[in-house]
Novice: 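Just passing along the structure, written as structure tokens.
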Amino acid sequence: MTTGSAHPDLPDTAHLLDVPHHDGSRLFVPAGTPAPGDVVPARVRVPKGAGVRDVWLRTVLDGEPRMTRARRDGGDEHEDWYAADVVVHHPVTSYRFFLDVPGGYRWLDGRGVHDREVPDAASFRMTTHAPAPAWLTEGLAYQVFPDRFARSRAADDREPPSWAVPAAWDDEPAGTGPLAGTQLFGGDLDGVVDHLDHLQALGVRTLYLTPVFPGRSNHRYDASTFDHVDPLLGGDAAYARLAHAVHARGMRLMGDVTTNHTGDGHEWFARALADPSSPEHAMYLWAGSGPDVVAVPGRPGYVGWLGHGSLPKLDWSADETWRRMITGEDAVVARYLREPFALDGWRVDVANMTGRYGAADRARAVARALRERVVGERPDGALVAEHFHDASADLAGDGWHANMNYAGFTRPAWSWLVPEGSPVPFLDLPTGVPRRPGGAMVAAMREFASAVPWQVTAAQWNMLGSHDTPRLRTLVGSRELVEVAAALLFTYPGAPVVFAGDEVGATGTNGEHGRTTMAWDQAAGGGPRWDAATLDAYRSLSALRASSRALREGGLRWAAVRDDAVAYLRETPDERVLVVLARAPWAGVQLPAHLLAPGAQPERLFGDVALTATAGGLYVSGEGPGTGVWRLA
């Protein structure tokens with residue numbers, strides 16, 4: 001067994017296409033959302049070389065495992081197909097496949113094939129909950145940090161508030177200290193409108209802005225009110241102009257709201273502090289002592305997010321919190337989904353902590369209520385959570401449509417792409433990003449994807465960086481590896497998300513330092529802060545994904561996994577695309593000839609890695625760093 005194996009229970013092979021496979025895509029499960037009681041056929045492909053004699057379906061109904069023998073459902077000289085009926089008896093019904101092989105049996109679940117007993121945690125899942133709206137995964141989502149994207153002419157006439165330290169547009173962002181939150185560059189919403197051509201040329205379908213409510217910081221996660229848009233950004237009128245301009249181009253606009261806390265300057269919190277008998281007082285968490293409690297002289301303290309006094313935590317045991325945030329006629333999450341803004345959905349900040357404190361855990365109840373209100377206002381509205389670690393317990397499909405996929409995509413991708421000995425911090429861990437082999441990346445991706453329904457995996461917000469992380473270019477160090485990373489982003493299942501500036505090679509050592517301004521003055525001729533070659537690669541990959549149904553909707557089959565290279569197939573009933581990504585030179589691999597349609601030649605879609613089709617198979621050469629994307633059938 002080699003260190004590159006993605007199946008630690010089975011011997012490593014020249015490629016991974018000799019093992020049975022199933023996922024939730026349309027090749028294996030019919031399209032659509034089943035209703036309770038429906039019977040849904042689940043198909044599994046079994047290569048001839050896998051040695052499988054028979055296939056059974058294992059489900060768990062009312063706590064008891066049930067076994068159903070699968071039936072033959074087609075095949076050819078290279079593989080057999082089996083199908084078995086899943087009775088959708090629960091809102092989320094889990095299942096896996098029993099493979100009868102000489103000398104014993106194996107299990108097939110979301111992590112792969114296992115020659116041992118496995119828990120149910122990675123079983124496949126069918127859910128009766130509706131999936132994310134189709135538009136969420138149709139194209140690129142683009143994140144804008146309003147203070148750093150662009151200044152309109154009107155920005156020069158606005159007086160900075162007392163908390164702000166004005167900065168010139170080309171100044172370097174502060175990465176630490178008080179200045180990181182108070183440095184104000186003056187970007188505004190009309191500045192975003194002025195540069196929508198850039199977004200459209202990049203293939204952006206969803207524009208996501210971090211908060212636009214007033215606060216006492218440049219990031220505005222410390223809202224002082226939810227009643228209006230920050231005048232520093234142009235106010236309500238500018239937000240409405242942006243929404244109109246975005247929608248006129250056929251794009252979507254998503255907002256950002258904090259359901260876990262407000263700012264300590266919020267009008268609700270001011271009343272809560274002033275009057276313990278007020279309705280607002282019940283909306284916040286108060287305690288005499290404990291984790292994250294902020295002292296208040298002569299009175300019980302309040303709970304701050306991670307102990308920050310500027311971010312008092314909301315109490316979701318209070319009816320008033322529910323009414324003002326979600327259920328009331330003019331609740332925050334509903335108001336901005338209506339005209340004149342007509343947001344298409346929300347990204348929810350600190351979703352993992354919302355409603356959770358000590359013995360109380362209302363997080364999933366909040367998520368379900370948010371989902372109900374959002375789709376009640378906009379039937380095609382979207383709801384995306386922020387959750388930095390394992391979000392699987394919150395992603396059954398009944399609340400958040402998807403999550404910002406730091407754990408299942410960003411962390412594994414970083415640890416494969418990073419050079420040895422990198423000092424770049426690994427998100428919230430007290431270490432630099434470790435360099436790991438391709439097998440470790442694939443195993444992590446499979447493990448996290450297996451813990452949620454396929455419809456959630458297919459809608460996850462995959463990112464190579466955000467306003468809370470170091471920049472990709474700083475992490476990997478070269479344009480070539482940025483291109484490899486971008487190819488992974490645009491060809492992996494889920495919705496690709498780009499933080500403004502990554503497409504032109506922005507740099508930054510942490511989240512605050514990476515919140516750099518866009519160098520629009522260099523856009524025409526290039527410059528040290530505008531890498532035109534990287535932008536061309538992002539545009540090409542975005543257009544490629546838009547042109548390929550397999551890349552937007554297809555399943556995922558890992559074809560080869562080595563320390564320095566990985567290959568996988570994205571497949572729909574009418575298209576097969578092969579993706580090869582190499583972080584360094586490697587030995588290359590030969591894949592089966594039958595992957596290519598009879599009489600056809602591979603159609604190169606992107607990249608410079610060589611693929612040679614012969615009677616004996618498809619030989620992928622060992623260049624690297626490099627990428628190759630081909631349409632095979």
Novice: Between R45 (side chain) and H21 (backbone), is there a donor-acceptor pair under 3.5 Å?
Specialist: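 Side chain of R45 to backbone of H21: no pair is present.
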
Novice: With a 4.0 Å cut-off, would you call R378 and D344 a salt bridge?
Specialist: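 D344 and R378: salt-bridged.
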
Novice: With a 4.5 Å heavy-atom cut-off, do Y492 and L556 have their side chains touching?
Specialist: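 Touching, per the 4.5 Å side-chain cut-off.
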
Novice: Could you tell me whether the side chain of R371 and the main chain of G397 form a donor-acceptor pair under 3.5 Å?
Specialist: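 Present.
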
Novice: Treating R205 as the side-chain partner and L136 as the backbone partner, does any N or O pair qualify as donor plus acceptor under 3.5 Å?
Specialist: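 Checking the backbone N and O of L136 against the side chain of R205, no donor-acceptor pair under 3.5 Å is found.
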
Novice: Below 4.5 Å, heavy atoms only, C-beta onward: do V497 and F409 meet side chain to side chain?
Specialist: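 Contact flag for V497/F409 side chains = no.
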
Novice: Check whether W107 forms a cation-pi arrangement with R96 (NZ or CZ under 6.0 Å from the six-membered ring centre, at most 45° off the ring normal).
Specialist: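 Yes, R96 and W107 form such a contact.
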
Novice: Has the side chain of D394 got a donor or acceptor atom that lies under 3.5 Å from a matching backbone atom of A391?
Specialist: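 No, D394 side chain to A391 backbone: no donor-acceptor pair under 3.5 Å.
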
Novice: Are R549 and E575 within salt-bridge range, i.e. N to O under 4.0 Å?
Specialist: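 Answer for the salt bridge query: no.
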
Novice: Charged N to carboxylate O below 4.0 Å: is that the case for D85 and R71?
Specialist: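 Salt bridge present between D85 and R71.
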
Novice: I'd like to check L595 versus R576 (side-chain heavy atoms, cut-off strictly below 4.5 Å). Are they in contact?
Specialist: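 Yes - at least one pair of side-chain heavy atoms lies under 4.5 Å apart.
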
Novice: Take L57 and F98 through the test side-chain contact (heavy atoms from CB on, under 4.5 Å) and record every step on the way to the result.
Specialist: CA-CA 6 Å; L57 177 82; F98 173 95; over 6 Å; no

Novice: State whether the side chain of T410 and the backbone N or O of M463 hold a donor-acceptor pair below 3.5 Å, judged by distance alone.
Specialist: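 Yes.
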
Novice: Could you walk me through whether D502 and R473 pass the salt bridge (Lys or Arg N to Asp or Glu O under 4.0 Å) test, one step at a time?
Specialist: CA-CA 7 Å; D502 273 357; R473 183 62 176 266; over 6 Å; no

Novice: To the nearest 0.5 Å, tell me how far T627 OG1 sits from L481 CG.
Specialist: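 It comes to 11.0 Å.
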
Novice: About how many Å separate NE2 of H594 and CG of L632, when rounded to the nearest 0.5 Å?
Specialist: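 If I round to the nearest 0.5 Å, the distance is 11.5 Å.
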
Novice: Taking atom types as modelled and ignoring hydrogens, do the side chains of H387 and N405 form a donor-acceptor contact shorter than 3.5 angstrom?
Specialist: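 Judged by distance alone, the side chains do not pair up.
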
Novice: Please evaluate residues D120 and R125 with respect to the criterion salt bridge (Lys or Arg N to Asp or Glu O under 4.0 Å), reporting the C-alpha separation (whole Å), side-chain torsions for both, the decisive distance (0.1 Å), and the verdict.
Specialist: CA-CA 10 Å; D120 290 343; R125 292 164 172 81; over 6 Å; no

Novice: Check whether any side-chain N or O of T474 sits under 3.5 Å from a backbone N or O of P470 as a donor-acceptor pair, and report yes or no.
Specialist: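 Not at all, since once roles are kept as given, no pair shorter than 3.5 Å links the two residues.
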
Novice: Looking at every heavy atom in both L417 and A485, which two are closest together, and how far apart are they?
Specialist: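 Looks like CD1-CB, 3.4 Å.
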
Novice: Would you confirm whether S540, through its side chain, and D536, through its main-chain N or O, come within 3.5 Å as a donor-acceptor pair?
Specialist: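 Confirmed, S540 side chain pairs with D536 backbone.
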
Novice: I'd like to know if the side chain of H22 pairs up with that of Y95 as donor and acceptor (distance under 3.5 Å, no hydrogens or angles considered).
Specialist: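 Side chains of H22 and Y95: pair found under 3.5 Å.
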
Novice: Is there a donor-acceptor contact under 3.5 Å from the side chain of R604 to the main chain of G607?
Specialist: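 Yes: the side chain of R604 pairs with the backbone of G607.
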
Novice: Between H129 and W400, is the ring centroid distance below 6.0 Å?
Specialist: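 No, ring centres 6.0 Å or more apart.
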
Novice: Please test R347 against E386 for salt bridge (Lys or Arg N to Asp or Glu O under 4.0 Å), starting from the C-alpha separation and ending with a verdict.
Specialist: CA-CA 7 Å; R347 177 266 194 189; E386 181 199 34; 3.1 Å; yes

Novice: One pair to check against salt bridge (Lys or Arg N to Asp or Glu O under 4.0 Å): R479 and D531. What are the steps and the verdict?
Specialist: CA-CA 9 Å; R479 176 189 294 160; D531 187 337; 3.0 Å; yes

Novice: Using a 3.5 Å distance criterion without hydrogens, assess whether the side chain of S542 forms a donor-acceptor pair with backbone atoms of R539.
Specialist: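 No.
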
Novice: Provide the closest heavy-atom pair for W135 versus D380 in the form atom of the first, atom of the second, distance.
Specialist: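 Looking at all heavy atoms of both residues, the closest pair is NE1-O, 2.7 Å.
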
Novice: If I compare all heavy atoms of V476 with all of P419, which pair ends up nearest, and what's the gap?
Specialist: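 It is O-CG, 3.6 Å.
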
Novice: Could you tell me if D197 and H195 have a donor-acceptor pair between their side chains, going purely by distance under 3.5 Å?
Specialist: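 There is no such pair between these side chains.
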
Novice: Answer whether the closest heavy-atom distance between the side chains of L99 and V55 falls below 4.5 Å.
Specialist: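 Yes; the side chains approach each other to less than 4.5 Å.
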
Novice: Please step through side-chain contact (heavy atoms from CB on, under 4.5 Å) for the pair R545 and F490, ending with a clear verdict.
Specialist: CA-CA 6 Å; R545 185 181 183 278; F490 282 97; 4.3 Å; yes

Novice: Would you check, one step at a time, whether the test side-chain contact (heavy atoms from CB on, under 4.5 Å) holds for W416 with D563?
Specialist: CA-CA 9 Å; W416 183 61; D563 286 358; over 6 Å; no

Novice: Going through the distances and angles, do L551 and L544 end up as a side-chain contact (heavy atoms from CB on, under 4.5 Å)?
Specialist: CA-CA 8 Å; L551 293 180; L544 169 60; 3.8 Å; yes

Novice: Y82 and A70: which non-hydrogen atoms are nearest, and at how many Å?
Specialist: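 Residues Y82 and A70, closest heavy atoms: CB-CB, 4.0 Å.
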
Novice: So do R570 and E553 actually touch side chain to side chain, heavy atoms under 4.5 Å?
Specialist: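 No - every pair of side-chain heavy atoms lies 4.5 Å or more apart.
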
Novice: Measuring from atom CH2 of W558 to atom CG of L569, what distance do you get when rounded to the nearest 0.5 angstrom?
Specialist: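 It comes to 10.5 Å.
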
Novice: Decide yes or no for L535 and L202: does some side-chain heavy atom of the first lie under 4.5 Å from some side-chain heavy atom of the second?
Specialist: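 Counting from C-beta outward, L535 and L202 do come under 4.5 Å.
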
Novice: Distance check, rounded to the nearest 0.5 Å: D100 atom CG versus R69 atom CZ?
Specialist: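 Taking CG in D100 and CZ in R69, the distance rounds to 8.5 Å.
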
Novice: Ignoring hydrogens, what is the shortest heavy-atom contact between D608 and G626? Give both atom names and the distance.
Specialist: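 That closest heavy-atom pairing would be OD1-CA, 4.1 Å.
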
Novice: Around atom CZ of R249, are there more than 12 heavy atoms from other residues, nucleotides or ligands closer than 6.0 Å?
Specialist: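 Correct, the count exceeds 12.
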
Novice: Looking only at the side chains, is there a donor atom on one of T469 and Y406 sitting less than 3.5 Å from an acceptor on the other?
Specialist: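 Y406 and T469 do not have a side-chain donor-acceptor pair below 3.5 Å.
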
Novice: I want to check something: taking the side chain as every heavy atom from C-beta on, are H401 and W461 in contact at a cut-off of under 4.5 Å?
Specialist: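 No. Closest side-chain heavy atoms not under 4.5 Å.
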
Novice: Classify the side-chain pair E503/Y142 by whether it contains a donor and acceptor separated by less than 3.5 Å.
Specialist: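 A donor-acceptor contact under 3.5 Å links the two side chains.
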
Novice: For R43 and L27, indicate whether the former's side chain and the latter's backbone hold a donor-acceptor pair under 3.5 Å.
Specialist: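 At least one qualifying donor-acceptor pair exists.
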
Novice: Quick one: are the ring centres of W81 and F28 less than 6.0 Å apart?
Specialist: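 Ring centres of F28 and W81 closer than 6.0 Å.
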
Novice: Could you grab the distance from atom CZ of R436 to atom CE of M441, nearest 0.5 Å is fine?
Specialist: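 Spacing of CZ (R436) from CE (M441) equals 12.5 Å.
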
Novice: Atom CG of D23 and atom CD of E571: how far apart are they, to the nearest 0.5 Å?
Specialist: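 It comes to 8.5 Å.
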
Novice: Taking all heavy atoms of V88 and all of P34, pick out the closest pair and write down the distance.
Specialist: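 Scanning both residues, the minimum pair turns out to be CG2-CB, 4.0 Å.
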
Novice: Does R252 reach the side chain of L207, with side-chain heavy atoms less than 4.5 Å apart?
Specialist: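 Heavy-atom side-chain distance check fails, nothing below 4.5 Å.
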
Novice: Centre of Y568's six-membered ring, under 6.0 Å away, within 45 degrees of the axis: is that where NZ or CZ of R557 sits?
Specialist: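 That pair does not qualify as a cation-pi contact.
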
